[in-house]
Amino acid sequence: GALDSLGRMAFHYTDAVNLVLERIVAETALFAHVRLPEVAVGFAHARKHSRHGMYAKLVALGGSRGEPCFFRGRRVLYALYVYLPRFHEQRFAEKVLTLFHELFHVGPDFDGELRRMPGQNQYHGNSREAFDEDLKPHVRAFLDRHSSDPRFDFLRTPLDALERSH
């Protein structure tokens with residue numbers, strides 16, 4: 001792997017998140033339609049240092065709305081952003097739930113559009129809490145399989161410790 005300016009192994013947060021997403025998509029039938037090479041993963045800075053606000057978001061880039069988007073030389077239909085440090089300051093299970101939440105927004109036809117829900121809000125249905133509750137059994141099953149998976153250690157490590165170690 002690449003070394004940083006101090007000779008340490010470089011750590012790429014978005015690559016590590018992408019590895020988690022790969023496992024989620026590969027192991028969760030709910031996401032069988034998701035083609036991760038067509039989902040760009042990035043991060044953005046949370047403007048306020050607070051537990052309140054967005055932890056992540058999924059942006060639809062394709063569909064019928066215009067020109068195709070390319071990222072790292074490949075066509076992408078979605079971009080998934082995590083907001084740092086807010087996303088990372090959640091507990092491990094909450095981080096995984098956040099990733100499930102964002103993946104569930106991917107349109108069922110994987111066409112660059114967001115999934116529409118019946119109810120008050122077209123993207124979350126009648127409540128964001130109910131939206132997440134429906135995902136929790138899938139999250140629990142995933143966590144049961146990966147409770148001590150070392151590939152996910154970065155999600156269990158406080159951000160300041162992660163920064164010091166890389």
Side-chain angles (χ1 to χ4, degrees), residues 11-46 50-63 69 71-72 74-159 162:
F11 176 76
H12 298 281
Y13 196 90
T14 55
D15 290 346
V17 169
N18 200 59
L19 286 174
V20 177
L21 293 170
E22 286 174 4
R23 295 296 355 120
I24 291 171
V25 168
E27 298 174 17
T28 309
L30 193 60
F31 304 126
H33 66 295
V34 175
R35 298 186 305 268
L36 268 182
E38 296 174 65
V39 178
V41 178
F43 70 89
H45 185 263
S50 164
R51 286 189 52 79
H52 303 288
M54 288 198 309
Y55 295 101
K57 75 176 176 181
L58 184 79
V59 178
L61 300 172
C69 293
F71 177 73
R72 293 183 177 169
R74 66 183 195 273
R75 182 170 186 224
V76 294
L77 293 175
Y78 299 91
L80 191 155
Y81 295 94
V82 295
Y83 285 91
L84 296 176
R86 188 178 297 132
F87 168 79
H88 199 87
E89 290 174 346
Q90 299 179 97
R91 292 185 324 240
F92 176 64
E94 292 170 330
K95 289 176 208 158
V96 174
L97 175 59
T98 297
L99 296 175
F100 270 76
H101 178 116
E102 296 310 322
L103 284 171
F104 195 70
H105 283 305
V106 171
D109 296 326
F110 201 83
D111 57 0
E113 299 291 337
L114 296 176
R115 179 186 303 269
R116 306 275 198 246
M117 306 286 291
Q120 290 178 311
N121 180 294
Q122 65 179 337
Y123 300 115
H124 291 109
N126 287 323
S127 81
R128 189 172 303 223
E129 292 77 20
F131 183 96
D132 284 345
E133 280 302 314
D134 290 344
L135 294 172
K136 283 184 180 177
H138 301 282
V139 173
R140 277 192 293 275
F142 182 81
L143 291 173
D144 287 346
R145 290 189 302 274
H146 295 285
S147 62
S148 59
D149 190 325
R151 293 175 292 186
F152 306 155
D153 282 350
F154 80 101
L155 290 176
R156 294 183 194 90
T157 305
L159 195 56
L162 193 60

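The figures here come from the full heavy-atom set of this structure, side chains too, leaving out hydrogens, waters and symmetry mates.
- A donor-acceptor pair is defined here as one N or O able to donate and one able to accept, closer than 3.5 Å; such a pair exists between the side chain of R74 and the backbone of P37.
- Residue L114 holds its CG atom at 6.5 Å from OH of Y78, rounded to the nearest 0.5 Å.
- In this structure, Y55 has its ring center no closer than 6.0 Å to that of H101.
- Using bins of under 30°, 30° to 60° and over 60° for the plane-to-plane angle, the ring pair F142/H146 lands in the tilted bin.
- Listed for the R23 side chain is no donor-acceptor partner under 3.5 Å among the backbone atoms of L19.
- Rounding to the nearest 0.5 Å gives a distance of 9.0 Å between CG of L80 and CG of N18.
- For the pair K95 and F152, the minimum side-chain heavy-atom distance is 4.5 Å or more.
- V34 and V106 make their closest contact through CG2-CG1, 4.0 Å (heavy atoms, listed as atom of the first residue, atom of the second, distance).
- By the 4.5 Å heavy-atom criterion applied to side chains, V20 and F154 are counted as neighbours.
- Within the 3.5 Å criterion, the main-chain N or O of T157 finds a donor-acceptor partner in the side chain of H88.
- Because its NZ or CZ atom is both nearer than 6.0 Å to the ring centre of F104 and within 45° of the ring axis, R115 counts as a cation-pi partner of that residue.
- For A40 against F71, the heavy-atom pair with the smallest separation is CB-CD2, 3.6 Å.
- Counting only heavy atoms from C-beta outward, the side chains of L155 and F87 approach each other to under 4.5 Å.
- Within 6.0 Å of the CZ atom in R35, the count of heavy atoms belonging to other residues, nucleotides or ligands exceeds 12.
- Counting only distance, with no hydrogens or angles, the side chain of R156 and the backbone of F92 share no donor-acceptor pair below 3.5 Å.
- With respect to the salt-bridge test (charged N to carboxylate O, under 4.0 angstrom), the residues K136 and E133 qualify.
- Remark: the backbone N or O of F43 is not paired with any side-chain donor or acceptor of Y83 at under 3.5 angstrom.
- Between L30 and L135, the shortest heavy-atom distance links the atoms CD2-CD2, 3.7 Å.
- The backbone N or O of A60 sits nowhere less than 3.5 Å from a side-chain atom of H105 that would complete a donor-acceptor pair.
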Are V39 and F110 close enough, and set up right, to give a side-chain contact (heavy atoms from CB on, under 4.5 Å), and what steps lead you there? CA-CA 10 Å; V39 178; F110 201 83; 4.1 Å; yes
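- In terms of heavy-atom proximity, A56 sits nearest to T98 at CB-CG2, 3.6 Å.
- For the atom pair CG of L61 and CD of E38, the computed distance is 11.0 Å after rounding to the nearest 0.5 Å.
- In this structure a side-chain-to-backbone donor-acceptor pair under 3.5 Å is missing from E102 to L99.
- Put simply, the side chain of V96 reaches to within 4.5 Å of the side chain of L143, judged on heavy atoms.
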